[in-house]
Protein chains: 2
Amino acid sequence: MAASSGVSIGYLADRTGLAVSAIRYYEAQGLITPWRNNGGQRRFFRADIRRLSFIMIAQQIGFSLPEIRGFLKALPGGRTPTPEDWAKISEGFRDHLDQRIETLQQLRSNLDGCIGCGCLSLPKCALYNPKDRAAQNGQGPRYLMGDHAETENNP
Amino acid sequence: MAASSGVSIGYLADRTGLAVSAIRYYEAQGLITPWRNNGGQRRFFRADIRRLSFIMIAQQIGFSLPEIRGFLKALPGGRTPTPEDWAKISEGFRDHLDQRIETLQQLRSNLDGCIGCGCLSLPKCALYNPKDRAAQNGQGPRYLMGDHAETENNP
DNA sequence: CCTTGACCTCAAGTTAGGTTTAGAAATTAC
DNA sequence: GTAATTTCTAAACCTAACTTGAGGTCAAGG
């Protein structure tokens, strides 16, 4: 093999645990941009392991691929990202993470007020006005509404 | 309207913010079981607003509909759930929530170790062995692997 | 009675995030 | 040099969680 000519998609798949097909899909979504060797095969930077790991972590936390693409825009295009580059993008990332944790903590602290008391009257509830769009998967519910029914008698 | 004969699907939709079609879908998935009036239209308990709100909250946190169906099994079938009923099911729910918060907090505290340092070597990372299956949407990534490449020179 | 809006069923379409398949070309291993 | 892997593309398929549409019914007001 030619020295330092990049790594194959299979190598990245082995190192990250991702399926080869998933990595190709991420390329199609603009999350990673390999070049091609003479034979037309994809070649990646070895450092793209980090990039893929970042994608996997962000997904676990609940971010969509377009959102993650946004995070990764902050990385330099032409060269291997440095520790400083990663530190920079992890900052904005951390803010989102903080928000997400706070939302869940509020929900937990209000759990009795929301659910345990049986009223589920959600103006009290942390999720009444969910700001945390990262938590939404797909075409999920739009918003939550309270239950302050007029008479509230059993049917 | 006949007194105390239940509420319509449209009423529930208005009160919860869910689409009518979503409520019908939840019925198909066994999350809610209305009865029918003489004309064949669905009738719900007024208290089903709570049930639907619970579904929406649990979804926000990341539970799938089958999982939520499991939570709701703990509710009584024949009568309107009491505050105590809700308190009971919110307990198991809270455990899941606690776990989820802890996972995210560990990730945050390790964020510099995982991402900020640029090594992304995930044995240190809270998400290296993700136990939090509720966080996984769809056929997501299977596991995370570190980046301790042999030579680690730029390509 | 008539109209209007809410409701019904059932099938098909949608989006996200991928996987699978098929047939061909490139690379690696012996 | 040949065989065994990998990789390539493109299109089809998959699941979850819904939405949309067609064609028809029910209920309330005037």
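Letters A, B, ... are given to chains in the order of the sequence lines, protein chains preceding strands, and every chain is numbered from 1.
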For [X] and [N], give me the distance from atom [atom1] to atom [atom2], rounded to whole Å.
X: B/Ile55; N: D/dA16; atom1: CD1; atom2: C1'; value: 15 Å
X: A/Tyr25; N: D/dA12; atom1: OH; atom2: P; value: 17 Å
X: B/Trp35; N: C/dC8; atom1: CH2; atom2: P; value: 13 Å

Could you say whether B/Pro66 or B/Gly39 is positioned toward the 5' end of DNA chain D, judged by the nucleotide with the nearest heavy atom to each?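 Taking each residue's closest nucleotide, the earlier one in sequence belongs to B/Pro66.
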
So, is [X] close to the [N] phosphate, meaning a side-chain N or O under 4.0 Å from OP1 or OP2?
X: B/Arg36; N: C/dT9; result: yes
X: A/Gln29; N: C/dG18; result: no
X: B/Tyr26; N: D/dA17; result: no
X: A/Asn37; N: C/dT27; result: yes

My understanding is that only residues two or more places apart in sequence, or in another chain, count here; which of them pass side chain to side chain contact (heavy atoms under 4.5 Å, CB included) with B/Ala74?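 Scan of B/Ala74 (side chain to side chain contact (heavy atoms under 4.5 Å, CB included), adjacent residues dropped) gives B/Ile89.
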
According to ring pair (Phe, Tyr, Trp, His ring centres under 6.0 Å), who are the partners of A/Tyr25, at least two apart in sequence or on a separate chain?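 Ring pair (Phe, Tyr, Trp, His ring centres under 6.0 Å) check on A/Tyr25 returns nothing, list empty.
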
So which protein nitrogen or oxygen atoms get under 3.5 Å of nucleotides 3-7 of chain C's nitrogens or oxygens?
from  : atom 1 : to      : atom 2 : distance (Å)
C/dC7 : OP1    : B/Ser8  : OG     : 3.0
C/dC7 : OP1    : B/Gly10 : N      : 3.0

Under 4.0 angstrom, heavy atoms only, what part of the nucleic acid is B/Asn38 near: base, sugar-phosphate, or nothing?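 No contact at all - B/Asn38 keeps every heavy atom at 4.0 Å or more from the nucleic acid.
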
Let's see if you can work this out: which of C/dT19, D/dC18, C/dG18 has an atom nearest to the side-chain heavy atoms of A/Leu65?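 Among C/dT19, D/dC18, C/dG18, the one nearest the side chain of A/Leu65 is C/dG18.
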
Nucleotide nearest B/Ala19 when distance is taken to its side chain, options D/dT19, C/dG17, C/dT19: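 Nearest nucleotide to the side chain: D/dT19.
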
Taking all heavy atoms of B/Val20 and all of B/Ala13, pick out the closest pair and write down the distance.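 Distance-wise, the nearest heavy atoms are CG2-CB, 3.7 Å.
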
Please report the closest heavy-atom contact between B/Ile68 and B/Ile55, naming both atoms and the distance.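 Taking every non-hydrogen atom into account, CD1-O, 3.7 Å.
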
What's the verdict on side-chain contact (heavy atoms from CB on, under 4.5 Å) for A/His96 and A/Phe71, showing C-alpha distance, side-chain angles and the deciding distance? CA-CA 11 Å; A/His96 285 274; A/Phe71 288 133; 3.6 Å; yes

Looking at B/Asn38, I'd like to know if its CG atom is crowded, meaning that more than 12 non-hydrogen atoms belonging to other residues, nucleotides or ligands lie closer than 6.0 Å.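 Atom CG in B/Asn38 is not packed in, count stays at 12 or less.
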
